[in-house]
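One-based numbering, in listed order, for ligands and for the atoms of each. None of these values were measured; they are calculated from a predicted model. For this chain, numbers begin at 1 and follow the sequence in order.
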Amino acid sequence: MIKQAIIPLAGFGTRLLPLTSVFAKELLPIYGKPGIEYILDECIDAGIKDIIFIISKKKEMIKDYFYNDSFYKKIIKKKKDPRIIKEYKKILRYKKMIKFVYQNKPLGTGDAVLKTRKFIKDKFFLMLLPDDLIIKKNCSKSMVKIHNQFKASVMASMNVSRTNVSRWGIYKLKRKLNKNNYLIEDVVEKPSIKDAPSNKAVIGRYILPKSIFTKLQTQKPGKGGEIHITDAIRSLIMNNEKFIAHNFRGKYLDCGTMSGYIKSSMEISKI
Ligand code: G1P
């Protein structure tokens, strides 16, 4: 069973400037709700009990959001507003599940994952990249099911336009397992169009094995000088670790870019 999830939140959010100049992008509202709460709700609904946030000193606002008890208590005592009481209860529920670790230097997603090492108890855990919202169908929940069936690592996958492959991690697939699931032969971080093995992209949901930590410990910086989780995954695949690409059925919203962020509120309003 997958019980733990990790969420890297230390990024600067430069693609959303000026909105992120003083504000954490994961707290920006999407149709009246902070983006991070959509991610937390997906985790809870997928059976996750324990969540690790990787933040930085510059992103402490995220911790403050969940630890603002005295403020809520004061307001509730004064106003007794049932809506505020309900919202506070929801925050308390999230808070109980979340631990915080720090990544103060932006050395890449792989480095962020390594920071959670001492907290991971089971053989596999879930990672969600908060820029990637998937609505209408719980992608993490479907991936947990696949994991339980095949006892393997699982990553979300989506076809992208060939001209855009250099924005994503790109899969080379080995064979079809069933309707929406494929065994992965290789994965490359942000390849050029010429080097891309396909147009199937990695989307930010991963069920990873604990053995990834050993790989990450000696992982050399890759594209752009960052330590990429994709490179560590690649190295595990080369060691015959089984990874499955799951073609998810929900709708993908790229909240990490300005146009995607604007569109996401409109899309959610239609549900
Ligand atoms: C990260 C991963 C990339 C993946 C993408 C999905 O890139 O490194 O492999 O395809 O998330 O959103 P980033 O968005 O951090 O540039």
Fill in: Criterion side chain to side chain contact (heavy atoms under 4.5 Å, CB included) on I233 and I184, from CA distance to verdict
CA-CA 11 Å; I233 291 168; I184 300 167; over 6 Å; no
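- Donor-acceptor pairing under 3.5 Å is recorded for the side chains of D111 and Q103.
- When only modelled atom types and interatomic distance are considered, E60 and Y102 share a side-chain donor-acceptor pair under 3.5 Å.
- The shortest separation from a heavy atom of K223 to ligand 1 is not under 4.0 Å, leaving the residue out of contact.
- Here the heavy atom of the protein found nearest to atom 8 (O) of ligand 1 is E189 OE2, 2.7 Å.
- Given atom 7 (O) of ligand 1, the protein heavy atom at minimum distance is K190 NZ, 3.2 Å.
- Of the N or O atoms in T109, none lie within a sub-3.5 Å distance of an N or O in ligand 1.
- Only the side chain of R15 comes within contact range of ligand 1, with a heavy atom under 4.0 Å; no backbone atom does.
- Contacts between D254 and ligand 1 below 4.0 angstrom, taking non-hydrogen atoms only, are absent altogether.
- Take A156 and apply the side chain to side chain contact (heavy atoms under 4.5 Å, CB included) test, not counting sequence neighbours, and it matches C139, M143, I203, R205, F248.
- Note: S140 OG to D45 CG = 9.5 Å, rounded to the nearest 0.5 Å.
- Remark: ligand 1 atoms within the under-4.0 Å shell around heavy atoms of D132 are 6 (C), 12 (O).
- Ligand 1 has an N or O atom lying under 3.5 Å from an N or O atom of G169, backbone or side chain.
- Atoms of ligand 1 lying under 4.0 Å from any heavy atom of L129, numbered from 1 in the order shown and given with element: 1 (C), 11 (O).
- Cation-pi contact between K95 and Y67: present, with separation from the ring centre below 6.0 Å and deviation from the ring axis of at most 45°.
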Worksheet item: Would R234 and D186 satisfy salt bridge (Lys or Arg N to Asp or Glu O under 4.0 Å), going step by step from the backbone distance to the final call?
Response: CA-CA 6 Å; R234 184 172 205 206; D186 200 357; 2.9 Å; yes
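- In summary, K25 and D131 engage in a salt bridge, as defined by a charged side-chain N under 4.0 Å from a carboxylate O.
- Those atoms of ligand 1 with a heavy atom of T230 less than 4.0 angstrom away are 9 (O).
- Near V202, meaning under 4.0 Å from any of its heavy atoms, are these atoms of ligand 1: 4 (C), 5 (C), 6 (C), 10 (O).
- Close contacts between ligand 1 and R167 involve ligand atoms 13 (P), 14 (O), 16 (O) [criterion: under 4.0 Å to a heavy atom].
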